[in-house]
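Notes follow once the structure below has been shown.
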Amino acid sequence: MHGTAKPVEPAPSSEDVFDFDGEYGEEYEALAYRLIPGYRTLFPMFAALIEPELPRRGRVLVVGAGTGIEIVHLKRVRPNLRVHGVDPSAQMLALAERRVAEAGAADGVTLHLGYTADLAPTPLFDAATLFNVLHFLPDDGSKAALLADIARRLRPGGVFVFFDLHGGATPEEHERYLSAWRRYWRVRGMTPGEMRTFNARIRDGMHFVPPSRAVELARDAGLGEGRRFYKSLLYGGWTFQRNGERI
């Protein structure tokens, strides 16, 4: 009928596009090894980087515990660490639990199904990690809220390690590296059909911000100034120290 507005379909959320309790979650790690430059060496690198900053029986919060890869590498460099992983996906936590057990690293590890905001405010953690999570959240206060939740659970001087897919510093830089990243998929064996599917996922479920914005959000949350330790295409990694101290 004329004059009747057609209902607007809600935009898909990242949870709809990237279903970590479904097929995408099952395939996530294999996909990450193929598509994230340097993924294989990233985790031993970050563990070696922050190891001197951790007390002997330090407490580490792993946000987005995923498949457990961060937990295993932390326990390799410091077996006495107490590590608390949190993730909203039951499937991913089950994968993490299995991986940690197979590595013989389960002692001192606890896993929580839910969100950082659900965790008790004390005792505080000596370090926290956030890998491949923030780009799923829109910059409408959601990114800032997660970083603030992490900061509130870190002790003064506690180490925060952040790794994420971000945008370019300028629109031109963003397009240059995004195009190169797409070509990298092909080099790594992704089929044209798989590339179309993943492109659609990026369009509908990822929320890019420039690296300067990512660092600004962390700083505004109380996590101090960032120090970059990793850069490849649109991926970046930084370390921070609560209350502005750097490692």
Side-chain angles (χ1 to χ4, degrees), residues 10-36 39-40 42-43 46-47 59-75 81-103 105-106 108-120 125 127-153 160-166 194 197-209 214 235 237:
S13 68
S14 290
E15 290 83 358
D16 298 326
V17 178
F18 295 95
D19 180 11
F20 283 94
D21 279 312
E23 183 180 349
Y24 182 80
E26 292 176 356
E27 300 173 350
Y28 171 75
E29 188 158 77
L31 191 66
Y33 274 111
R34 288 172 70 192
L35 302 188
I36 300 177
Y39 190 81
R40 191 172 299 277
L42 172 65
F43 297 97
F46 105 85
R59 300 182 73 247
V60 182
L61 173 63
V62 176
V63 179
T67 62
I69 190 169
E70 291 158 72
I71 296 173
V72 168
H73 280 90
L74 283 166
K75 295 287 282 184
L81 286 177
R82 293 164 292 171
V83 184
H84 190 87
V86 59
D87 200 298
S89 165
Q91 176 171 251
M92 300 306 282
L93 273 191
L95 291 171
E97 184 176 29
R98 185 168 70 240
R99 183 190 213 122
V100 169
E102 289 173 352
V109 173
T110 56
L111 299 173
H112 175 88
L113 179 63
Y115 297 89
T116 307
D118 303 330
L119 303 179
F125 291 92
T129 70
L130 185 69
F131 278 49
N132 289 317
V133 173
L134 206 66
H135 57 257
F136 294 120
L137 302 178
D139 192 14
D140 59 359
S142 301
K143 293 181 191 289
L146 174 56
L147 290 167
D149 284 335
I150 294 170
R152 280 192 287 269
R153 286 160 178 81
F160 174 57
V161 188
F162 169 59
F163 176 86
D164 207 52
L165 176 67
H166 56 70
E194 289 173 328
T197 297
F198 197 65
N199 263 319
R201 290 187 191 276
I202 290 174
R203 181 193 65 229
D204 295 333
M206 286 189 181
H207 304 275
F208 294 99
V209 295
Y235 282 93

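The structure presented is a predicted model; accordingly, all values stated were derived computationally and were not measured.
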Between F136 and N132, what is the shortest heavy-atom contact and its length?
-> CE1-O, 3.3 Å

Can you name the closest pair of heavy atoms from F20 and Q91 and give their distance?
-> O-NE2, 2.9 Å

Can you measure from CG (L137) to CG (L146) and round to the nearest 0.5 angstrom?
-> 6.0 Å

Value for CG (L134) from NZ (K143), rounded to nearest 0.5 Å, stands at 4.5 Å

Set of residues satisfying salt bridge (Lys or Arg N to Asp or Glu O under 4.0 Å) with respect to E27, sequence neighbours excluded = none

side-chain contact (heavy atoms from CB on, under 4.5 Å) assessment of L119 paired with L61 | CA-CA 10 Å; L119 303 179; L61 173 63; 3.6 Å; yes

Is there a side-chain contact between F125 and V60, using heavy atoms and a 4.5 Å cut-off?
-> no

Taking every non-hydrogen atom, the tightest pair across A47 and H73 = CB-O, 3.8 Å

Just do the side-chain contact (heavy atoms from CB on, under 4.5 Å) check on F131 and V161 with the steps written out, would you?
-> CA-CA 8 Å; F131 278 49; V161 188; 3.7 Å; yes

Output the distance between atom CG (L95) and atom CG (D87), rounded to the nearest 0.5 Å.
-> 10.0 Å

To the nearest 0.5 Å, tell me how far R59 CZ sits from R82 CZ.
-> 6.0 Å

Check the angle between the aromatic planes of F162 and F160 and answer parallel, tilted or perpendicular using the 30° and 60° thresholds.
-> parallel

Correct closest heavy-atom pair for A65 and G85 would be CB-CA, 3.9 Å

Interatomic spacing from CG in D149 to CZ in R153 - rounded to 0.5 Å | 5.0 Å

For the pair Y235 and F163, name the ring-plane relationship: parallel under 30°, tilted 30 to 60°, perpendicular over 60°.
-> parallel

Specify the closest pair of heavy atoms between L93 and L111, including all atoms of both residues, with the distance to one decimal.
-> O-CD1, 3.9 Å

Report yes if the side chains of V62 and H84 come closer than 4.5 Å at any heavy-atom pair, otherwise no.
-> no

Between CZ on residue F46 and CD on residue E70, distance to nearest 0.5 Å = 5.5 Å

For D21 and S89 the tightest heavy-atom approach is OD1-OG, 2.9 Å

Has the side chain of D19 got a donor or acceptor atom that lies under 3.5 Å from a matching backbone atom of Y24?
-> no

Are side-chain heavy atoms of H207 and D139 found at a separation under 4.5 Å?
-> no

Could you go through the side-chain contact (heavy atoms from CB on, under 4.5 Å) check for F43 and V72 one step at a time?
-> CA-CA 9 Å; F43 297 97; V72 168; over 6 Å; no

Please check if atom CD in E194 has more than 12 non-hydrogen atoms from other residues, nucleotides or ligands closer than 6.0 Å.
-> yes

Chi angles and distances behind the side-chain contact (heavy atoms from CB on, under 4.5 Å) call for Y115, V86 = CA-CA 6 Å; Y115 297 89; V86 59; 5.5 Å; no

